[in-house]
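Per chain, numbering begins at 1; letters A, B, ... match sequence-line order.
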Amino acid sequence: MEFYQRGNVLQIAKELLGKILVTKWDKTVTSVRIVETEAYAGVIDRASHAWAARRTKRNEVMYGHGGYTYIYLCYGIHHLFNVVTNDHGIPHAILIRAGEPLEGINEMLKRTGKEKLDHTLTRGPGNVSKALGIQTVHSGMSLLDKKLFLADDGFRYKKNEIVASPRIGVDYAGEHAKWDYRFFVKGNPFVSGRPR
DNA sequence: GAGTAGATCCTCT
DNA sequence: GAGGATCTACTCA
């Protein structure tokens, strides 16, 4: 649990690459290896929901301890999955943007209405949540829960396989939209590489 | 291949 | 009442 409570949200975002995100609803296990993340640095980050110390019922969980989920509905369609980091009162979070399917691929195909596995299954934060069956009702769960957690099988991407870039879909954030707070695995087909 | 518009609904102002 | 940490499909070239 200490892993999520360290101060450097960028460092954690980087280290989440290669870890495995697992969901287990009613004995159905699905998992993906994380290949793309974005860091949201709390009150100083205009692109974050917690910018300027905004505190609402929706983002309340971001102000709690690290190691909890923050899930929210975007554009009325997409459920976005975040990992809350840092200590109580510091609303840092990391958005999981993309993953590589590992377990339960058939189940993920069923959830997303696809017929066969292709790189669109878990590309983009909306699709990741959809494939894993994550919804807003799961927001605020602990990552130590047996239903929704991060696993580490010792796999690590090499340093030169990890690339930083500006974040996606946050153009409204002005100068902050240019920060290199997005981390992804170079050349991985599941990374949502479409530049805006 | 690139650019644009529409979907769609919860949350905060 | 407005807008958003997005995705997809469609148009045009």
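- No contact: A/Tyr181 has no heavy atom under 4.0 Å from any strand.
- Between C/dC7 and A/Arg123, no contact under 4.0 Å exists linking OP1 or OP2 to a side-chain N or O.
- The OH atom of A/Tyr75 sits 10 Å away from the P atom of C/dC7 (whole-angstrom rounding).
- Nearest heavy-atom pair across A/Thr136 and A/Leu73 is CG2-N, 3.5 Å.
- Rounded to whole Å, the distance from CG on A/Asn127 to P on C/dA5 is 17 Å.
- In this structure, the CD atom of A/Glu60 is 15 Å from the C1' atom of B/dC12, given to the nearest Å.
- Checked against C/dT6, C/dT8, B/dC10, the side chain of A/Ile168 finds its nearest nucleotide in C/dT6.
- C/dA5 is unpaired under the Watson-Crick or G-U wobble criterion, no partner having all donor-acceptor distances under 3.5 Å.
- Partner of A/Asp87 under the side chain to side chain donor-acceptor pair (under 3.5 Å) criterion, out of A/Arg6, A/His65, A/Gln5: A/His65 alone.
- Between the NE2 atom of A/His49 and the P atom of B/dC12 there is a distance of 10 Å, rounded to whole Å.
- You'll find that the side chain of A/His78 is closest to C/dC7, out of B/dT11, C/dC7, B/dT13.
- Counting to the nearest Å, the C1' atom of B/dG6 and the CD1 atom of A/Ile77 are 9 Å from each other.
- Residue-nucleotide stacking is present for A/Tyr40 and C/dA5, judged by a side-chain ring centre under 5.5 Å from the six-membered base ring centre and planes under 30° apart.
- In terms of phosphate contacts, A/Tyr72 brings no side-chain nitrogen or oxygen within less than 4.0 Å of OP1 or OP2 of B/dC10.
- A salt bridge between A/Glu107 and A/Lys110 is present, with a side-chain N of the basic residue lying under 4.0 Å from a carboxylate O of the acidic one.
- Taking atom NE2 on A/His79 and atom C1' on B/dC10, their separation rounds to 10 Å, with Å as the unit.
- Not one side-chain nitrogen or oxygen of A/Thr56 sits closer than 4.0 Å to the OP1 or OP2 atom of B/dT11.
- We find that CD1 of A/Ile71 is positioned 15 Å from C1' of B/dC10, with the value rounded to whole Å.
- For C/dT6, the OP1/OP2 oxygens have a side-chain nitrogen or oxygen of A/Arg97 closer than 4.0 Å.
- For an aromatic pair to be called close, the ring centres must be under 6.0 Å apart, and A/Tyr157 with A/Phe155 satisfies this.
- Atom CG in A/Leu95 sits about 8 Å away from atom P in C/dT6, given to the nearest Å.
- Here the nucleotide nearest the side chain of A/Leu73, chosen from C/dA5, B/dC10, B/dT11, is B/dC10.
- A/Ala131 approaches A/Met108 most closely through the heavy-atom pair O-CG, 3.1 Å.
- Here the nucleotide nearest the side chain of A/Arg54, chosen from B/dT11, B/dT13, C/dT6, is B/dT13.
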